[in-house]
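Written out below as C-alpha cells is the structure these notes cover.
Residue numbering restarts at 1 for every chain, and letters A, B, ... go by the order of the sequence lines. Note that the structure is a prediction, hence the values are computed from the model and not measured.
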Amino acid sequence: MKRFYAPALAGLLLLFCLTLSVPAAAFEGAYVLDESGILSDEEARTLEDQAASMAQTYQFGVYLVTVDDFTDYGFDDVYDCAVAFYEQSELGFGDDYDGELLFMSMSNRKYALVYTGYGDTAFTELGRDQLEEAMLDCFRNDDWYNGFKQYMDWSEYLLSEAANGEPVGWDESGDYHPNDADYDDGPGLFEILIFVGVPLLISGVVCGMLALQLVTVHEAAEAREYAVEGSLQIRAKSDRFTHATETRVKIESDSDGGSSHHSGGGHSGRSGSF
Amino acid sequence: MPSQVTNYKCPACGGPLRFAEDSGKLQCDYCGSSYDVSEFEKSMESADAKAAEAFRDNGTWDTSEIGQDWGADASEMKAYSCPSCGAELICEASTAATSCPYCGNNTIVPGQFAGDLKPDYVLPFKLDKKAAVAALKKHYKGKFFLAKAFSDENHIEKVQGVYVPFWLFDGTADADVHFAATTESSRREGQYEVTTTRHYDVHRAGSVDFERVPVDASKRMPDDLMDSIEPFDYGELKPFSMAFLPGFLADRYDVTVEESARRADERCMNTIVSMLENTVKGYATCSITAKTVNLKRGKVHYALLPVWILNTKWKGKDYLFAMNAQTGKMVGDLPMNYAKFWLTFAGIFAPLAAFLYWFLYL
C-alpha cells in the first residue's frame, strides 16, 4: 500500500519551487494538504479522518491538495500539474495506484480531478458529473469546507455503490445521494421544462399566430386616425429622477458550466474553473 | 304608420333608377339612361310637389286596423306600399331604403330622413357587389387553419349593400399622466454582474383634437364589425341626398348620440394617453402610475357610410362579413379546422420535444 505522506509532498513542492514556503496555517495530513491555508485545523482534520476511513474500507486513496498557484510549479495546465503531483508522490493504493485527487489552485480559481486505477471504474462519468456539480456549487460561493465535504461525501457514496457492484450510472433504478435525499437520476424539473415547456411554447406561438389569421373583427380601442394632424399640444413635460436600485448576480463563466475531460497515461480526469 | 314611398323612376322609360357606384350617377337598367344626382334632384322637386298634391287628393291608405293587430310590435315596424307593383310591405322601423322583394323596385321609406333625423353626410358606394364577393374570396386565402369545406363550398347566402348610420364626433381630449420609468446599466465587478436601475417619475400633459370619430348608430350592426372596417376617407363625404340611396339598403339610426358617445369618449381618452406615452422615450420600462383625462365635446354629425354585408351559415352558425364599400377592407371571423390545428400543434411539438430530449438528456 502506498500512502500520501506529507514529507513526500513537501519534498515535491521543493522540487517544483525552490522558494516555496508552507504558510503557518497550512495543514499537512496523509490525505489532505491545505498548502494555501483556507481550512481551519478542525475542518482539515475532519476531512483527513473521512479520507482515512475510506482508505481503510475501500483500499482507495481520496486526496485533497490546495495550493496558491499551480503555475508556480512550472506548469501551464492545472491537470498536468495534478497528474505530476500524483505520480511523483506515488499516490494511490495497490499495483494500479487506485486513488482520486482533487487539486485546487486558489489564486486563479482552477481545479483538477485525477482518477487512477480502480477510480476509472468506480467513478463513472455520471458519478463524476454529480460529484463535480455538488462540489463546484459550493466553491463558486467561496464555501471551501462544504465544497471539500461534498467531494468527500460523494467520493464515499460512489465508492460504496461501486463496492456493491453497481457503480452510479449503471443502474437506472435510482441511487441514493447521502447529502440530497431528493436526488433523482431521472430528468429534473429544469430538464422537463426545457424539453416539454419550450416545444409547448413554440408550438403554441406558431399555432396561435396562424389561428389569429381567422380573427379580423376587433373593437377599436383608440381613434388615432381621427386625431387632427399637428393638433397634439404638450403642455407639461418633465422627467424627474427619484432613486436607484442595484442588483448583483454572480457570473458563471463558461468554465463554470463545464470542465475539460482528460485521459491517458494511466489517469483520467477533469479540470476547469470555479 | 307611414305608407308613402319615394322611388326614383326614369323620366325616359319609367323604369326604376339605382345609384351606380362606378359612375356616381343614377342609372336606369332598362333603357340605359343615366342622370346626374344634383340635376335629377332639381327636376324631381317639382314633380314631388305635384305628386304630394295628388296623393292628398286621392286620400291615404287606411292602416288603422292593421296597426291595432300588431300591438306593441307596431312601434318597431313600418308598413308601406310599393309604388311600382302595389305590394304591401312591412319593414323594420329603422329601415330607410330597401327594395321590393316582388318587383325589385328600389324605394325610400318616407319619413326616415325627415327633420332632425336627416343625415348631414353620405359617403357614396365606390365598390360594387362583385368587388365584395371577390374580396370575400380573397379574405379566405392564406388562412392556414380555415375549415376547407367552408371556403370550398362558397356558402354566401346574402350580399347586401347597406348605408349604415354613423355618429361622427368632434372634440378635444386633454390628459395629465404620470409614468414610472426606468433605465438600466450593467457593469462587471469581479465575479459579479452589477445592474443599476435608475427610477424616474415622468410627467406629461397635453391635448389633441379629434374630428369625426365614427360610432355606428345601428343596433343591427355589431360594433366591433363596424370598427374593424375603419377608416373611411371623409374627403369623399357628400351632403346628404336621397338620390344616393336607390339600389341599397339604408337604416336610420336607432342608437342615440348619448348612447354612442361613451364609445367615442373611450377611444379619444385612450388615444391621448397613448400619444403622451409615445413621447416618453429612452427608458427600458414605462408604466402609468396616475392619469386624469378630460374631454371637451364638440359637434356631432350624422352620416350614412357604405358597407357591403355578406351573410353565410355553416354548421348551424351564422357568419357575418363586412366590407368597407369605399376602401374595400374586408373583415369577418372565419371558422377554424380544429383537427388541423391540433395536428399541426402535435406536429411541431413532438419532434421538437424529442430532439431536445435527445440533445439535452441522452
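- For V206(A), the part sitting under 4.5 Å from any heavy atom of chain B is the side chain, from C-beta outward, and nothing else.
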Dump the intermediate steps for side chain to side chain donor-acceptor pair (under 3.5 Å) on S207(B) and R235(A), then the final yes or no. CA-CA 8 Å; S207(B) 63; R235(A) 192 173 62 249; 5.3 Å; no
So R263(B) and E219(A), side-chain contact (heavy atoms from CB on, under 4.5 Å) or not? Walk me through it. CA-CA 10 Å; R263(B) 294 191 62 227; E219(A) 195 160 319; 3.6 Å; yes
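- The side-chain hydrogen bond (donor to acceptor under 3.5 Å, both in side chains) pairs that include a residue from residues 288-297 of chain B are D265(B)-R297(B), where partners are two or more places apart or lie in different chains.
- Closest approach of L210(A) and F145(B) over heavy atoms only: CB-CE1, 3.4 Å.
- Contact check for T216(A) versus H139(B): side-chain heavy atoms found under the 4.5 Å cut-off.
- With hydrogens and angles ignored, the 3.5 Å screen pairs a side-chain donor or acceptor of D227(B) with a backbone N or O of A220(A).
- Of the atoms belonging to D170(B), not a single heavy atom falls under 4.5 Å from chain A.
- Considering all non-hydrogen atoms of both residues, E246(A) and R187(B) come closest at OE2-NH2, 3.2 Å.
- Note that the CD atom of Q233(A) and the CD1 atom of I272(B) stand 10.0 Å from one another [nearest 0.5 Å].
- A distance-only check finds a donor-acceptor pair linking the side chain of T242(A) to the backbone of H199(B) [under 3.5 Å].
- Geometric assessment of R212(B) against the ring of Y226(A) yields a negative cation-pi assignment under the 6.0 Å and 45° thresholds.
- A pairwise comparison of heavy atoms in T196(B) and A244(A) identifies CG2-CB, 4.4 Å as the closest pair.
- Under a 4.0 Å N-O distance rule, the pair D239(A)/K281(B) does not qualify as a salt bridge.
- For chain A, the option among V208(B), T182(B), T172(B), V273(B) with the highest count of heavy-atom pairs below 4.5 Å is V208(B).
- Here the side chain of S231(A) pairs a donor or acceptor atom with the backbone of D209(B) at under 3.5 angstrom.
- Residues V194(B) and T247(A) fail the side-chain proximity criterion, which asks for heavy atoms closer than 4.5 Å.
- Between F349(B) and L200(A) the shortest side-chain heavy-atom distance falls below 4.5 Å.
- With T271(B) contributing its side chain and E222(A) its backbone, the two residues share no donor-acceptor pair below 3.5 Å.
- You'll find the side chain of P199(A) reaches within 4.5 Å of the side chain of L356(B), heavy atoms only.
- The candidate from A264(B), A181(B), A205(B) with the greatest count of non-hydrogen atom pairs under 4.5 Å with chain A is A205(B).
- Relative to the six-membered ring of Y200(B), R240(A) misses at least one condition, a distance below 6.0 Å or an angle of at most 45° to the axis.
- Taking I348(B), T197(B), N270(B) one by one and counting their heavy-atom pairs under 4.5 Å with chain A, the maximum is reached by T197(B).
- Of residues 333-347 of chain B, those residues lying under 4.5 Å from chain A by any heavy-atom pair are D333(B), L334(B), P335(B), M336(B), F341(B), T344(B), F345(B).
- Within the 4.5 angstrom heavy-atom criterion, only side-chain atoms of Y283(B), from C-beta onward, approach chain A.
- Atoms CG and NZ, from L276(B) and K237(A) in turn, are 10.5 Å apart once rounded to the nearest 0.5 Å.
- From I192(A), atom CD1 reaches atom OH of Y357(B) across 9.5 Å, with rounding to the nearest 0.5 Å.
- Chosen from E230(B), R198(B), M275(B), the residue pairing most often with chain A at heavy-atom distances under 4.5 Å is R198(B).
- Contact of E266(B) with chain A is made through the backbone alone, with heavy-atom distances under 4.5 Å.
- With a 4.5 angstrom heavy-atom cutoff, Y234(B) touches chain A only via side-chain atoms.
- Shown here is D76(A), whose CG atom has no more than 12 heavy atoms of other residues, nucleotides or ligands within 6.0 Å.
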